[in-house]
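Just so we're on the same page: letters track the sequence lines, and every chain starts at 1. Nothing here was measured: the structure is a model prediction, and the numbers come from that model.
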Amino acid sequence: MLQLQCPFCGLRDESEFSFGGEAHIARPLEPDALSDEEWADYLFNRSNVKGFHREMWLHAAGCRQWFYAIRNTVSYEFTAFYRVGDPLPDLPNRSVPGAAK
Amino acid sequence: MKKYSIFSLARNALTKHENWEANWRSPEPKKAYDAIIIGGGGHGLATAYYLAKLHGMKNIAVLEKGWLGGGNTGRNTTIVRSNYLWDEAAALYEKSLKLWEGLSQDLNYNVMFSQRGVYSLGHNLQDMRDIQRRVNANRLNGVDSELLNKEQVQKAIPLLNCSPDARYPVLGASYQARAGTARHDAVAWGYARAADALGVDIIQNCEVTGIRRDGAKVVGVDTSRGYIQAPKVGVVVAGNSSVLADMAGIRMPVESHPLQAYVSEAIKPVLDTVVMSNAVHGYISQSDKGDLVIGAGIDSYNGYGQRGSFTVIEHTMAAILEMFPTFSRVKMNRQWGGIVDTCPDACPILSKTPVQGLYFNCGWGTGGFKATPGSGWAFAHTLAHDEPHELNAPFSLDRFISGKLIDEHGAAGVAH
């Protein structure tokens, strides 16, 4: 089982958390100004990276706070946990087997 | 290709089965092909087969980074059915089911398609209303479907816990009699053998590392075995669709998740059909070998790791025991995680892309195996004519721009 370091509660089992998907997708400031293609890109397209992924988690069975994590989507290793508003930690500078070159 | 028959079986029995010919060649890749299919799973091999058989394209190659059927084709629970709610989905999956019904004969390869029926259980009044609506929609679309009450379900599946004291009591089910299971490995091998016989080059251990474009047009692919030219490239790589899309410089509305399948130790025959439940979220059948074949939902997080989490295993086993308490002492034997690419509307993408000559067949999520023949059939048409067939036109990429989604989430009798 994965373990996550909740920035508020500490290390807990995966079963206490809900996955919230890719992080830092900003809602367009003027949706009316977008073309259908741009709106579809915002709504549906995702980076779905094979490698280090910035993502959102909710500590659903704990403090019920949202926070961010960086996770290797192949090995599932977490390399960073950070709160909303924290400065963004860098993505690890190593390659992931099988990821696009 | 030597035809399989009772006579070939007898002939080979005389030489102790040591002289069967290989099912397919393993040729060196040529410098150029008329079309390249990336991905040697069921859908990719089916695409190549129908391209060669129905559209006269023989100078084609299937590139597979590992071995044939080593991905999701070999890691699923083998359920085949077509009782989808919406017209577009019902038409596509029903085409597939019709192809399944003649597939062993068509391929001259026994895919062990067994129409043992599929029950989708309802546990509360809303489940039963949804089931009734879906049964009616199926029948209007020419898909066989029946509504059963609790007594009928209990009679058909004696081991199922239909007690009113159950935490999620069974109130009834929908039943598709033509649905069933198939031997998943045989589907990959049968399509590969039949495609190879039509001249398709099947190249294993050949990983695509780049997609080359000349402006808005695709011109070929870089692989671990060199550059190969082709004016048409079909990408059929399930969980790795975003990785390949990235190589071509386009973005896709899919996210990859692990989906697990499990088998138990082999036990005597106890279950002669397929049982699935949306509410407790699990599905189960028994293979010819006797092991229980079990599946449920995806892991919640994005992942390419081809293994599943323990929380999902626990949830799945709890769901199966809710339906079949007698299985509590059965030991589980093996477990696999395949990587499925899920779409926002839980329907696949069989489509042209903004890059000319580049086609994507992806986004099948948790339900791709059943669609293998229909998917290959429709995708082959799309590649050959550079236009989707009317069956897969609604499943084009532009539905995410127009907003005409096909919302099969939960509507198909299985939770996604």
Side chain, backbone, both or neither: which part of [X] has a non-hydrogen atom closer than 4.5 Å to chain B?
X	value
Asp41(A)	both
Leu2(A)	side chain
Trp57(A)	side chain

Do the side chains of Lys50(A) and Asn240(B) get nearer than 4.5 Å, heavy atoms only? yes
Are Tyr304(B) and Val49(A) side-chain neighbours, meaning at least one heavy-atom pair lies under 4.5 Å? no
Is there a side chain to side chain contact (heavy atoms under 4.5 Å, CB included) between Tyr301(B) and His53(A) once you walk through the steps? CA-CA 11 Å; Tyr301(B) 47 79; His53(A) 188 236; over 6 Å; no
Check [X] against [Y] and note the closest heavy-atom contact, atom names and distance.
X	Y	value
Asn48(A)	Asn302(B)	OD1-ND2, 3.7 Å
Met252(B)	Asn45(A)	C-OD1, 3.4 Å
Pro258(B)	Tyr76(A)	CG-OH, 3.2 Å
Ser47(A)	Ser242(B)	O-CB, 4.2 Å
Arg307(B)	Ser75(A)	NH2-O, 3.0 Å

Just by distance, do the side chain of Arg46(A) and the backbone of Glu255(B) share a donor-acceptor pair under 3.5 Å? no
Would you mind checking which part of [X] comes under 4.5 Å of any heavy atom in chain A, side chain (CB onward), backbone (N, CA, C, O), both or neither?
X	answer
Leu405(B)	side chain
Gln306(B)	backbone
Val312(B)	neither

Above 12 or not: heavy atoms from other molecules or residues under 6.0 Å from [atom1] of [X]?
X	atom1	result
Trp67(B)	CH2	no
Phe310(B)	CZ	no
Glu314(B)	CD	no

Can you tell me how far apart [atom1] ([X]) and [atom2] ([Y]) are? Round to the nearest 0.5 Å.
X	Y	atom1	atom2	value
Asp345(B)	Phe44(A)	CG	CZ	7.5 Å
Asp398(B)	Asp36(A)	CG	CG	11.0 Å
Met1(A)	Ile313(B)	CE	CD1	9.5 Å

Contact winner vs chain A - Gly403(B), Gly239(B), Gly305(B), Gly210(B), heavy-atom pairs under 4.5 Å: Gly305(B)
Mutual orientation of the aromatic rings belonging to His257(B) and Phe19(A) [parallel < 30°, tilted 30-60°, perpendicular > 60°]: perpendicular
